[in-house]
Amino acid sequence: MKKKRYRIECDYLGTKKIPVDALYGIETQRALENFPISGLKLPMSLVHALALIKKAAAHANIYEGRLDTKKGEAIIHACQDILDGRLDVEFPLDVFQAGAGTSEHMNVNEVIANRALAYLRKPKGEYTLIHPNDHVNLCQSTNDVFHSAIHIAAYLQIRDHLIPPLFQLEYALRKKAQQWKHVLKSGRTHLRDAVPMTLGQEFNAYAESVKKDIHHLHESSLHLLTLNLGGTAIGSGVNATPHFSGLVLKELRAVTHAPFIRARNLFEGTQTLDPLLLVSGSLRVLSVNLIKIANDLRLLSSGPATGLNELSLPSVQPGSSIMPAKVNPSMAEMLDMVGFQVIGNDTTLTLCGQAGQLELNVMMPLAAHSLLQSIEILGNALAAFTVKCVMGIEANPKKCKEYLEKNPIIVTALTPYLGYAKAAEVAQQAYEQDVSVRDIVLRENLLDKKTLNKALNMHLLVGERR
């Protein structure tokens, strides 16, 4: 068995052995030993956002003459290696770590420093040449960099990973609504019989709900464009040059094609998590609506022999280990569970937001994990749900018509002719005798056939004009 080899690094707390091949350094090693908590790691989207800031900062520091060009270029190359996904294994820290994200931030600083040293053909840990704090972190603090990285990662993930599948879902629902615009069915309120509608109207309502959620999510995500970069430790900008944040933001805008701006008040931007809470609130509302749609599809496709059976969902996998031929609404169930997780993450974010004290909110690692996980799992779930469920849904017009013809609540259309009390009496008879409202009205000569046909014209009742 090959013997493990180590190098020794030191800080003001002492020395530590670091695996010789690792690009991370002593602060990362301390965090690995201190926080073996969950096995959950912060998402790479956050690490990449940190690398984006470090790369932009290196450009700014070279431009201002605070960073030697050769060192700066090595740092920039190292950042690009992170962005290209070549160094993912170098970021092993647990979500539940030291507050404010200092451990994760230093993990990134150390990896960049040691990778940059390799470009200069120097050994790992030769920090007199390129230091994680003095060079990679020049003009920066965890408190502005980590905070801004959450904003950047969340905004880009919403824009590139979540909004597209939401539009795809809305389109798929609209397409089904158009396909079924003339399929008459019984509406239901309180899970009881209600007045008629079309299956198209039902699906148009789902599509409209998604459309509104897209709008709300887009509007709330705009708050993420405001960054507290340049505020350093508490918002005062100590150790940062006057033009540093402007140069960094210019570089970030060019690379991400997103209009990031500096916060008007860097103290406020450092103390609060308001933009994260606004976005999380939009994700919570979206999840509530998605759960409603998923559960409606489960109800409408229930059975098929002993349920509603108005819809048939695509069969994606066997549904039971003991009952042969059973098929479950698996994709809708998956979407429910994702929605539950997002709602739970929103509660976590709320607690993180209220836990800030004085000049800093230190709960940012958990806030980052909660928000970015919500965005990621929603994007993945929506893409799968649309393709593997919504696009393949089939209607059962025959069953829809059968239920509608048996529905005594269509008597609602007769209240202008019979009055509420008499119409209620007719409906009760229809339920008790298991006959149609039409048959009772004609049998008791309550209306002539022509008037009855006009009043019970289902296409007019659902709002169609033919």
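Just so you know, these numbers come straight off a predicted model, no measurement behind them.
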When you measure from the side chain of [X] to the backbone of [Y], do you find a donor-acceptor pair of N or O atoms at a distance under 3.5 Å?
| X | Y | result |
| --- | --- | --- |
| N107 | S103 | no |
| T386 | A383 | no |
| D193 | I409 | no |
| Y403 | L308 | yes |
| N228 | F267 | no |
| Q157 | I375 | no |
| R253 | F260 | yes |
| N328 | S330 | no |
| S301 | L311 | no |
| E110 | G25 | yes |

For this session: Compare all side-chain heavy atoms of Q373 with those of V95 and state whether any distance is below 4.5 angstrom.
Result: no

Could you tell me whether [X] and [Y] have a side-chain N and a carboxylate O separated by less than 4.0 Å?
| X | Y | value |
| --- | --- | --- |
| E202 | K185 | yes |
| K399 | E402 | yes |
| K422 | E425 | yes |

Strictly by modelled atom types, are [X] and [Y] linked by a side-chain donor-acceptor pair under 3.5 Å?
| X | Y | value |
| --- | --- | --- |
| D84 | Q80 | yes |
| Q341 | N345 | yes |
| D144 | S141 | no |

Exercise. If you take all heavy atoms of A57 and V248, which pair is closest and at what distance?
Worked result: CA-CG2, 3.8 Å

For this session: Give me the ring orientation class for H151 and H147: parallel if the planes are under 30° apart, tilted from 30 to 60°, perpendicular past 60°.
Result: tilted

For this session: Show your reasoning for whether side chain to side chain contact (heavy atoms under 4.5 Å, CB included) applies to L32 and L93.
Result: CA-CA 6 Å; L32 280 170; L93 297 185; 3.8 Å; yes

Tabulate below the donor-acceptor pairs under 3.5 Å that side-chain atoms of residues 37-54 make, not counting sequence neighbours, or state none.
from, atom 1, to, atom 2, distance (Å)
S38, OG, L40, N, 3.0
S38, OG, D94, OD1, 2.9
S38, OG, D94, OD2, 3.1
H48, NE2, I82, O, 3.2
K54, NZ, H105, NE2, 2.7
K54, NZ, N109, OD1, 2.9
K54, NZ, N137, OD1, 2.9
K54, NZ, Q140, OE1, 2.8

